[in-house]
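Heads up, the thing below is written out as structure tokens.
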Amino acid sequence: METQQYHVSFRGVQKSYDGIRLVVKDLNLDIERGEFVTMLGPSGSGKTTCLMMLAGFETATQGEIYYNGKPVNNIPPHKRGIGMVFQNYALFPHMTVGKNLAFPLKVRKLGKEEIDQAVLEALDMVQMKDFVDRYPGQLSGGQKQRVALARALVFKPELVLMDEPLGALDKQLREQMQYEIKNIHEKLRVSVVYVTHDQSEALTMSDRIAVFEDGIIQQIAPPDDLYERPDNSFVARFIGENNTLHGMVDTIEDGVARVTLDDGQQVMALAVNVDKPGIPTLLSIRPERVVINPDEEKMTQTVDGHVEQLIYLGDHIRCRMTVAGNSEFIVKIPNAADSRMLEVGQNIRIGWMTDDCRALDAD
Amino acid sequence: MALQDVADKSLHDKLRRAERRKKIEAVSLIGPLLLLMVIFYFIPIGMMLYRSIDNSQMREILPETAKALAHWNGQGLPDESAYAAVVADMKVAYPARTLAGAGRRLNFDKVGFYSLLLKTGRKLKKIGGPPYKEKLIEIDSKWGDPKYWTVMKRGLKNITLIYLLRAVDLRYDDTNSIVGVPEEQAIYKSIIQRTVYISLSVTILCLLIGYPLAYFMATSSASVRNLLMIGLLLVFWTSLLVRTLSWILVLQDKGVVNSFLLSLGIISHPLPLVFNRIGVYVAMTHVLLPFMVLPLYSVMAGIPSYYVRAARSLGATPIAAFFKVYTPMTLPGIGAGCLMVFIQALGYYITPALVGGPKDQMVSYFVAFFVNERVNWSMASALGVVLLLMTGSFYLIFGKRVNITNMKLG
Ligand SMILES: Nc1ncnc2c1ncn2[C@@H]1O[C@H](COP(=O)(O)OP(=O)(O)OP(=O)(O)O)[C@@H](O)[C@H]1O
Ligand SMILES: [Mg+2]
């Protein structure tokens with residue numbers, strides 16, 4: 001079977017809670033051993049549901065989930081040996097930190113010395129050794145998070161699921177924890193399935209990201225691919241900042257589409273998600289790939305723009321302009337000597353490379 | 001080092017001040033309630049406590065005797081002045097009909113005093129003039145017995161402990177030291193034991209029935225939960241008396257249970273289910289069950305499902321997850337429920353009185369008995385004090401165990 005080589009495989013998995021609406025529709029996902037896969041998507045898109053099916057707390061309405069090449073639909077959660085970090089930490093409030101960590105080892109009937117050793121090791125890994133005798137109620141959010149992480153790892157699972165583990169933390173702490181989780185992942189080489197709806201978190205941590213929308217994976221790809229080469233307009237809009245221009249496809253040749261924009265200007269774009277002439281399309285261009293006053297020789301595409309607003313951000317200037325009827329067109333201009341010349345109300349030329357402009361489905 | 005100390009001290013002071021402010025806030029919020037409790041709760045209880053040791057009416061009935069015996073050293077017989085004082089007091093008290101009260105009171109301490117006083121009172125008209133010592137001893141030789149004078153002196157103090165002592169089967173002997181009452185009179189200790197035993201049994205029964213019920217309520221759908229809740233609260237909509245009486249109908253020889261079992265042929269004679277301990281357990285458990293289920297349910301409803309899930313994901317079987325993670329988290333509910341049921345059960349009166357037999361009556365029954373039948377408020381109060389002490393000490397012991405004192409105000 002082809003599922004043999006993967007650590008986890010979802011094969012045609014569907015899930016409905018009420019028998020009416022499918023919360024997960026035809027999920028297919030393979031996770032390699034040691035991989036860090038993130039499920040990213042808006043609220044209610046079915047991320048937690050997928051995780052719960054993998055952990056064994058929900059059963060798939062249809063399809064099969066394979067773990068180590070074996071179907072797991074009939075294995076109860078406690079026999080799956082999958083570590084899990086919950087969004088609300090779920091530390092047992094009546095046990096000290098040490099007891100919390102010892103719990104998975106005790107139910108596995110390990111010896112006392114072995115348990116003590118493993119608990120201290122795991123706490124050491126998250127720099128929480130000094131807190132063994134504290135109760136969860138006496139810890140800060142970040143500390144609880146570390147303990148929850150240590151508890152999910154202490155029994156050495158091969159797979160760890162994390163459901164928005166950093167959702168409750170402030171920005172700075174979140175970034176620090178992202179870094180630490182990533183470090184631990186690299187050190188232990190466990191497979192991680194991580195759920196978040198923070199795209200920057202997904203981009204910094206993951207080997208691959210699965211973008212969910214409404215129970216469907218829209219695209220699954222490494223972070224740079226996802227950012228540079230979105231497959232469809234949902235992904236393009238969901239990941240990072242993105243400029244969109246509406247137009248009609250005139251011709252498609254060698255994977256390049258000629259598109260007439262709403263105001264009549266013509267541009268070329270990569271035909272990613274358009275297959276025939278005469279259909280509407282949405283062009284997607286990243287703000288940092290747009291150049292002002294381009295050298296017409298070098299830039300393959302140029303159009304007219306009208307400067308609406310300039311925001312000084314230190315290292316770069318954020319310029320909002322109207323391009324082909326879209327007044328939310330953003331250009332990031334590096335803070336170099338010549339960029340100071342821009343003024344609000346000015347008409348300028350802007351340009352980009354054909355490869356950086358992607359013709360996607362118009363929704 | 002010194003600087004460090006100063007810093008520590010000011011920090012400590014600040015902490016104390018902040019905590020004091022919090023306390024003041026809490027107290028001012030519950031102030032009105034506190035006032036109400038003082039007026040309707042603490043003052044009556046204080047009066048009851050005092051009633052159990054108050055002996056001042058004896059001095060009003062026999063004022064001269066009290067004065068005369070105050071100087072007596074308690075050795076041998078008192079001198080003539082005491083006898084004269086007795087005669088003087090009785091001459092007032094006998095026609096005023098207060099002598100019988102004093103007699104009953106002293107008779108409680110030493111049997112024979114009631115008749116001694118009334119007999120002497122009757123014969124006072126013909127007693128003539130002093131000296132009285134010989135004449136009184138002639139009327140009744142007990143006046144020549146130092147034991148009676150010891151009891152008299154003890155009985156004329158403003159404060160007395162005899163009721164409290166009796167409530168735990170103790171008494172003064174003739175030499176004024178405290179000893180146990182004779183075997184055949186010692187009943188209160190066993191009544192106290194019985195009260196605790198019945199209350200404990202009812203508490204355990206309530207827990208055994210209430211815990212699964214509360215768990216079921218906390219985990220079932222809203223409609224099922226509402227139905228159960230109504231069923232549970234139905235108990236509060238009917239009066240205690242009606243509920244208890246209906247148990248008699250159900251449990252009596254010709255009641256529903258027995259006729260059902262008889263008709264099935266499982267039994268050939270009706271089981272004795274009421275007017276005995278079984279009846280008491282059944283009825284009290286039924287009446288007190290909501291006080292177990294409600295705190296349990298409110299604690300369980302507040303436990304999110306992810307704790308048990310976390311335990312399962314860590315490798316615990318469903319049973320281990322339930323007993324090692326879920327149950328400990330419900331301890332505050334168990335504690336509150338048990339305490340509420342137990343403490344209420346300790347003071348139960350109507351239910352055991354109606355569905356129990358003579359051997360199933362608890363302390364409260366005897367409180368009522370002394371008030372209604374014996375008109376002995378002091379003894380009733382003394383038993384009340386015993387009940388209060390029992391309740392209080394169980395609260396302290398049990399409340400600590402389950403950290404109930406850690407449940408802070410607000
Ligand atoms: N136990 C349940 N019973 C019924 N419906 C459920 C249940 N759990 C989730 N749902 C529904 O399934 C859909 C997907 O929920 P899910 O929790 O998987 O979303 P999510 O992607 O994790 O969202 P979020 O980012 O907000 O956590 C939602 O519409 C939700 O209302
Ligand atoms: Mg979720």
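Here is the naming used below: chain letters follow the sequence lines, and residue numbers restart at 1 for every chain.
- Across Arg80(A), Met84(A), Arg108(A), the residue that shares the most heavy-atom pairs under 4.5 angstrom with chain B is Arg108(A).
- Formation of a donor-acceptor pair under 3.5 Å by the His94(A) side chain with backbone atoms of Lys324(B) is found in this model.
- Atom-to-atom distance recorded for Ser313(B):OG and Phe86(A):CZ is 4.5 Å, nearest 0.5 angstrom.
- Options Ala152(A), Gly83(A), Gly56(A), Pro77(A) differ in how many heavy-atom pairs under 4.5 Å they form with chain B, and the most are formed by Pro77(A).
- Of all non-hydrogen atoms in Tyr306(B) and Ala90(A), the two that sit nearest each other are CD1-CB, 3.5 Å.
- Atom OH of Tyr41(B) has 12 or fewer heavy atoms from other residues, nucleotides or ligands within 6.0 Å.
- Among Ile82(A), Asn88(A), Val154(A), Leu105(A), the residue with the largest count of heavy-atom pairs under 4.5 Å with chain B is Asn88(A).
- For Phe155(A), the part sitting under 4.5 Å from any heavy atom of chain B is the side chain, from C-beta outward, and nothing else.
- Residue-environment remark: CZ (Phe216(B)) stays at or below the threshold of 12 foreign heavy atoms within 6.0 Å.
- Met95(A) places none of its side-chain heavy atoms less than 4.5 Å from the side chain of Pro328(B).
- Within 6.0 Å of CZ in Arg21(B) there are 12 or fewer heavy atoms belonging to other residues, nucleotides or ligands.
- The two atoms that bring Leu314(B) and Val107(A) nearest to each other are O-CG2, 3.8 Å, heavy atoms only.
- The environment of Tyr197(B) atom OH is sparse: at most 12 non-hydrogen atoms of other residues, nucleotides or ligands sit within 6.0 angstrom.
- The residue among Ala320(B), Ala316(B), Pro304(B) with the most heavy atom pairs within less than 4.5 Å of chain A is Ala316(B).
- Residue His78(A) holds its NE2 atom at 15.5 Å from CZ of Arg309(B), rounded to the nearest 0.5 Å.
- More than 12 heavy-atom neighbours from other residues, nucleotides or ligands sit within 6.0 angstrom of CD on Glu186(A).
- Neither the backbone nor the side chain of Ala321(B) comes within less than 4.5 Å of any heavy atom in chain A.
- For Asn74(A), the CG atom sits in a loose shell: 12 or fewer heavy atoms of surrounding residues, nucleotides or ligands are nearer than 6.0 Å.
- Around atom CG of Leu33(B), more than 12 heavy atoms belonging to other residues, nucleotides or ligands sit under 6.0 Å away.
- Annotation: Lys99(A), atom NZ; neighbour count of heavy atoms from other residues, nucleotides and ligands within 6.0 Å does not exceed 12.
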